[in-house]
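Just follow the structure's listing: the first ligand is 1, and inside any ligand the first atom is 1.
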Amino acid sequence: MSTAPRSRSSLWKGKEKAESNDFDDLDPVITYRTLLAQNLGALDPLRVIALCDSDAFYAACEMIRLNIPTKPLVVLQWQALIAVNYPARKFGITRMMKIQDAMKLCPELVVVHVATYQEGDKEPQYRENPDSRTHKVSLDLYRRESVKMLQLYKDGLPEGTEIEKASIDEAFMDLTKPIRQILLERYPYLSQVPDDAPMGLDTPLPPPPPVAWEHLGTLVPIDPSKDPSEEENVPSTWHDVALSIAAEAMEKARQKINAELGYTTSAGIARNKFLAKLCASYRKPMGQSILRNAAIPNYLKPMEFQKIRFLGGKLGESLANEFDVSTVGDLLSISLDDMQRRFGEESIWVYDILRGIDHTEVQAKQAVNKSMLASKNLPDGVFKLEEGFPWIRVLAAELALRLNEAREVTPNLWPKTIVMHVRNVKAQPTSRSKQAPWPFVKEVTVDVVAAAGNKLWKELIGTDVQTPMKVIGMSLAFTGIEGVETGLKSIDTFFKSGVKRPLDSVEDADTENVPEPLGAGSGQRNISKDPTTFICSRCGQRLTLPRSATRTEEERRAQMQKIQDEHEDFHVALEISKEVSFAERGRKPESKGKVRGEEKPKKKRRKESPKGIAKFFNKLS
Ligand code: TTP
Ligand code: CA
Ligand code: CA
């Protein structure tokens with residue numbers, strides 16, 4: 001398939017000229033035809049997307065739970081700081097720091113360890129010093145708050161806004177449709193082509209009114225060398241008017257979230273997802289940043305491209321080496337042909353992104369997670385079959401609680417399958433999973449889930465005591481969760497009646513389900529010679545630890561190992577969800593109920609995984 005049609009340059013003008021002016025679509029002519037068109041999709045010149053992210057999210061959840069609105073607070077997961085609120089950041093505390101060092105910087109720091117489960121707990125508990133050998137972390141509180149927040153966006157934003165949950169604390173909004181409506185209501189003269197319009201529907205719209213930006217957020221400057229007050233006088237475009245309408249709506253929605261839930265958020269508003277996400281952190285916390293099209297070039301050009309998240313991995317490195325460049329501006333001199341010659345046809349997405357072009361759609365997903373995964377890393381290892389049972393109970397308790405809680409919001413939710421995954425470093429392959437259809441029991445209790453888990457565990461590990469084992473991680477998941485249609489008397493009747501359930505769509509693992517990091521000694525994997533960098537052999541992502549984060553070589557290695565393990569578990573979670581959804585769709589019927597390793601032809605997998613910006617958006621956290 002030719003990639004040329006995807007290039008904005010080739011749509012708006014000849015491809016040959018593309019390199020002469022890199023940002024040539026910042027002020028496209030908008031005609032009556034464009035304005036009155038219904039479905040221009042990602043090519044709509046009046047497209048407006050917002051990304052809203054919660055400030056210091058887990059820390060904020062804990063501040064509200066504990067009712068301590070202003071104190072410096074950090075959230076711990078074992079030894080790692082996973083969230084630092086803004087009052088604590090004022091003391092210089094960062095996420096990469098050790099808790100002891102953070103306490104030195106701020107002795108009155110409130111330290112909350114995330115809630116944990118231990119065997120026998122029906123609900124997670126807050127404990128001061130939980131032990132990773134006997135406890136498992138619970139992120140339930142944050143998930144619950146996340147659901148509430150998403151609901152408020154839905155209630156608070158104009159009808160017709162598409163909302164996509166991007167991670168536990170952020171969402172994309174496509175406001176293009178409602179904005180059009182509002183534009184036509186506010187400026188009714190736009191809905192009729194004037195009689196004297198020289199080109200009928202293709203006549204450009206009259207000049208827009210000036211936009212009053214005050215109270216709508218922070219404008220990313222068009223020319224950072226000039227006094228910001230001058231910016232306000234720059235003539236506006238109809239796209240600016242659209243941005244300002246979005247900013248009003250977002251301001252209202254964010255205030256609603258703050259008033260009803262107490263969370264503060266930051267938003268980015270721009271013409272596409274990439275730019276909205278990028279500028280959401282322009283002013284944080286409690287900021288709303290607006291990136292007008294005219295401001296795109298000076299915003300992007302000085303940026304170090306390897307700092308742009310999805311250009312940071314292998315690709316970014318190759319680009320830097322190949323062309324000896326470091327900023328977005330530097331890369332603009334590389335022609336599309338050159339880039340495609342060296343990096344393949346697909347690299348058009350890089351070419352586009354560097355020019356602030358991204359046609360990725362905001363995709364409203366189902367409110368219900370289609371899978372729920374509870375996992376536990378076991379740094380000390382489980383060496384006997386029986387040693388696994390208490391952990392299965394802990395995992396089962398979490399799954400049972402989560403499913404029952406989700407049913408309070410959406411009654412009749414039902415999983416199709418239960419899946420167990422184990423990492424046994426003494427076995428080949430080390431990573432294995434097994435699934436079984438979820439039995440049609442009325443009540444999902446810890447006992448029922450644990451019984452199903454125990455069965456899978458026995459099948460995976462084998463009951464032969466001679467088989468060598470050292471299991472360093474296990475997870476239990478419900479997948480294919482769906483709401484059964486209402487109107488049926490009970491779930492049992494539904495299944496007995498043999499009504500066909502709709503097909504599942506393939507989904508990615510929910511990134512918030514990424515298991516907690518392993519402790520030290522969790523097996524040797526490819527830590528690079530540089531103890532502050534790890535390049536994932538599966539996806540090429542580069543994970544770097546700032547030099548300042550830890551003091552000694554040993555500390556750095558331990559920290560790096562943690563980051564690496566966490567990243568690997570992310571792949572495992574992703575794989576489980578992929579394997580299962582393929583199986584559910586009947587693509588791999590042979591895999592149902594069979595023990596399977598995760599060995600797959602690596603090349604092929606890489607090709608199948610989402611590329612470029614799609615990958616980036618799947619990984620937002
Ligand atoms: P982020 O949105 O990345 O960060 P944040 O909300 O804490 O702070 P900011 O104001 O800068 O947005 O992550 C959201 C939550 O996800 C965070 O509060 C804790 C959790 N998290 C982890 O558990 N581990 C991680 O490595 C990261 C980055 C986040
Ligand atoms: Ca956040
Ligand atoms: Ca976030």
Tell me, which N, O or S atom in Glu170 is closest to the Ca ion (ligand 3)?
-> OE1
Taking only non-hydrogen atoms of Tyr86 and a 4.0 Å limit, the atoms of ligand 1 in range are 9 (P), 10 (O), 11 (O)
Candidate with minimal heavy-atom separation from atom 3 (O) of ligand 1, of Met96, Arg95, Glu170 | Arg95
For ligand 1, which atoms, with element, lie under 4.0 Å from some heavy atom of Asp55?
-> 10 (O)
Does Asp169 put an N, O or S atom under 3.0 Å from the Ca ion (ligand 2)?
-> yes
Short list, please: which atoms of ligand 1 are under 4.0 Å from a heavy atom of Ser54?
-> 6 (O), 10 (O), 12 (O)
Taken in chain and number order and not counting sequence neighbours, the residues that satisfy side chain to side chain donor-acceptor pair (under 3.5 Å) with Thr116 are Arg127
Which ligand 1 atoms are under 4.0 Å away from a heavy-atom of Asp169?
-> 2 (O), 6 (O), 14 (C)
Nearest non-hydrogen partners of Ala400 and Val446, listed with the distance | CB-N, 4.1 Å
Six-ring centre of Tyr126, Arg65 cation under 6.0 angstrom, axis tolerance 45° = yes
Backbone, side chain, both or neither: what part of Val84 comes under 4.0 angstrom of ligand 1, heavy atoms only?
-> neither
Which atom names give the shortest non-hydrogen contact between Ala406 and Leu413, and what distance separates them?
-> CB-CD1, 3.5 Å
Near Arg89, which atoms of ligand 1 are under 4.0 Å from a heavy atom of that residue?
-> 8 (O), 9 (P), 10 (O), 11 (O)
Residue Ala83 vicinity, atoms of ligand 1 by number, heavy atom under 4.0 Å | 18 (O)
Does the shortest distance from the Ca ion (ligand 2) to an N/O/S atom of Asp53 fall below 3.0 Å?
-> yes
So is there a nitrogen or oxygen of Tyr58 less than 3.5 Å from a nitrogen or oxygen in ligand 1?
-> yes
Going by distance only, is there an N or O of Phe57 that falls short of 3.5 Å from an N or O of ligand 1?
-> yes
If you compare Leu139, Thr264, Ile82 by their heavy atoms, the one closest to atom 22 (C) of ligand 1 turns out to be Ile82
Salt bridge present between Glu398 and Arg402 (N-O < 4.0 angstrom) | yes
Minimum-distance pair of heavy atoms, taken over all atoms of Ser54 and Lys284 = O-NZ, 3.6 Å
Pi-cation contact, Tyr117 with Lys136 (under 6.0 Å, within 45°) = no
Pull out every atom of ligand 1 sitting under 4.0 Å from any heavy atom of Lys284, numbered as shown with elements.
-> 9 (P), 10 (O), 12 (O)
Residues Glu361, Lys273: salt bridge by 4.0 Å N-O rule = no
Which atom names give the shortest non-hydrogen contact between Gln118 and Val394, and what distance separates them?
-> C-CG2, 3.7 Å
For ligand 1, which atoms sit closer than 4.0 Å to a heavy atom of Ala56?
-> 5 (P), 6 (O), 7 (O), 8 (O), 9 (P), 10 (O)
For the side chain of Glu170 and the backbone of Asp53, is there at least one donor-acceptor N/O pair under 3.5 Å apart?
-> no
Side-chain (Thr161) to main-chain (Leu157) donor-acceptor, under 3.5 angstrom = no
Ser266 near the Ca ion (ligand 2): N/O/S under 3.0 Å | no
